[in-house]
There are 2 protein chains.
Amino acid sequence: MNIGQAAKASGLPAKTIRYYEDIGLVPPPARRDSGFRDYGTRDVHLLRFVARARGLGFTVEECRQLLALWQDQDRAAGDVKRLTQERIALIDDKIAQLQGLRASLDHLARSCHGGNRPDCPILEGLAHGEKS
Amino acid sequence: MNIGQAAKASGLPAKTIRYYEDIGLVPPPARRDSGFRDYGTRDVHLLRFVARARGLGFTVEECRQLLALWQDQDRAAGDVKRLTQERIALIDDKIAQLQGLRASLDHLARSCHGGNRPDCPILEGLAHGEKS
DNA sequence: ATGAACCTTCCAGCAACGGGAAGGTCAAGC
DNA sequence: GCTTGACCTTCCCGTTGCTGGAAGGTTCAT
């Protein structure tokens with residue numbers, strides 16, 4: 001199957017598939033005489049795996065590790081679990097950080113009358129360092 | 001004051017200050033005969049403003065708008081409030097998205113025994129498209 | 001006068017692709 | 001057989017927001 005088909009089947013844009021091949025995240029597929037890439041079901045499974053892992057927020061480097069573990073017969077499930085929990089912790093940090101930002105912005109927005117007059121507590125806050 | 005002093009006073013790295021000047025986010029400061037940049041209190045105020053807005057998650061382009069509004073005598077507070085609320089909405093989206101990811105990863109992690117055996121439900125989930 | 005600690009410019013690169021150019025290929029329809 | 005249009009190929013540049021480093025100039029204290 002051509003790259004376009006593989007793209008539909010995996011959910012990744014063709015450009016992204018080529019990119020992943022480029023950086024060695026996925027192995028290069030077979031080629032036809034014409035030079036076209038020719039993907040089989042195994043290739044597509046791999047691509048789907050990567051697409052899901054990326055969709056879950058794993059970085060490309062983490063995907064590399066996950067793929068290695070996936071293909072390693074002697075892998076320990078603990079390694080995978082650890083990677084997953086590290087990612088969860090990062091996500092928790094990010095969420096907390098965003099909630100802090102949200103609170104600050106909300107405070108600024110609530111204090112602003114929002115009318116046509118030029119006095120704006122948001123800009124005052126930004127200018128003078130109002131906290132929380 | 002030199003760029004290093006301005007960096008300490010504003011909380012931005014010197015590299016970043018030069019970068020902001022480069023992209024025209026902040027005006028170029030005076031120069032000494034030696035070629036060194038020479039920052040005054042107004043310059044530093046501007047830099048602090050930008051530092052805070054960036055810290056609150058405004059993009060550089062949004063900072064440009066905020067700075068323009070800040071320096072515009074005829075600005076409407078409503079414009080600033082609108083920008084702020086748009087940013088809050090974006091943050092809310094991002095938080096919701098991350099919470100979804102977290103839930104999926106947590107589900108996978110909980111179903112994994114985490115031991116040394118190679119059977120790993122996380123990899124199974126990634127491979128076969130388990131949802132939530 | 002020499003050394004450390006600044007400063008200057010420019011160049012390169014990070015993640016993770018996306019856009020678009022210039023050209024080759026395939027399948028269908030006439 | 002020939003055209004047309006959809007696909008494919010490689011290549012290189014642009015994105016966002018910086019950060020690091022190289023090569024060289026300045027300032028200041030010793």
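In what follows, every chain begins at residue 1, and chains take the letters A, B, ... in the order their sequences are listed.
- When heavy atoms are screened at a 4.0 angstrom cut-off, I3(A) is found touching the sugar-phosphate backbone but no base atom.
- For dC6(C), neither phosphate oxygen OP1 nor OP2 lies less than 4.0 angstrom from any side-chain nitrogen or oxygen of R37(B).
- Under the 4.0 Å criterion applied to side-chain N and carboxylate O atoms, D38(B) and R31(B) are not assigned as salt-bridge partners.
- dA16(C) atom C1' lies 12 Å from atom CG of L12(A), rounded to whole Å.
- Atom CD1 in I23(A) sits roughly 12 Å away from atom P in dG18(C) (whole-Å rounding).
- The distance between atom CZ of R18(A) and atom C1' of dG20(C), rounded to the nearest whole Å, is 13 Å.
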Step by step, would you call Y20(B) with R54(B) a side-chain contact (heavy atoms from CB on, under 4.5 Å)? CA-CA 12 Å; Y20(B) 286 164; R54(B) 289 288 298 123; 3.5 Å; yes
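- Taking the nucleotide of DNA chain D with the nearest heavy atom to each of Q5(A) and K15(B), the more 5' of the two is matched to Q5(A).
- Distances were taken from every side-chain heavy atom of F36(A) (C-beta onward) to each of dC7(C), dG18(C), dG24(C); the shortest belongs to dG24(C).
- Counting all heavy atoms, side chain and backbone alike, L101(B) lies closest to G55(A) at CD2-O, 3.1 Å.
- R31(A) has its CZ atom 13 Å from the C1' atom of dG24(C), to the nearest Å.
- In terms of position along DNA chain D, the nucleotide closest to T59(B) lies nearer the 5' end than the nucleotide closest to the other residue of the pair R32(B) and T59(B).
- Residue Y20(A) has a polar side-chain atom (N or O) positioned under 4.0 Å from OP1 or OP2 of dC17(C).
- Extent of DNA chain D lying under 4.0 Å from chain B heavy atoms, first and last nucleotide in 5' to 3' order, is dG17(D) to dT27(D).
- When all heavy atoms of V50(A) and V26(A) are compared, the closest pair comes out as CG2-CG1, 4.2 Å.
- Rounded to whole Å, the distance from CD on E61(A) to C1' on dA15(C) is 10 Å.
- Summarising the geometry of I17(B) relative to Y39(B), their closest heavy-atom pair is CG2-OH, 3.3 Å, with the distance given to 0.1 Å.
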Is there a side-chain contact (heavy atoms from CB on, under 4.5 Å) between I23(A) and R64(A) once you walk through the steps? CA-CA 10 Å; I23(A) 62 173; R64(A) 224 185 274 275; 4.2 Å; yes
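- Counting to the nearest Å, the C1' atom of dA16(C) and the CZ atom of R64(A) are 12 Å from each other.
- Atom CZ of F58(A) is separated from atom C1' of dA15(C) by 17 Å (rounded to the nearest Å).
- Counting only distance, with no hydrogens or angles, the side chain of R87(B) and the backbone of G57(B) share a donor-acceptor pair below 3.5 Å.
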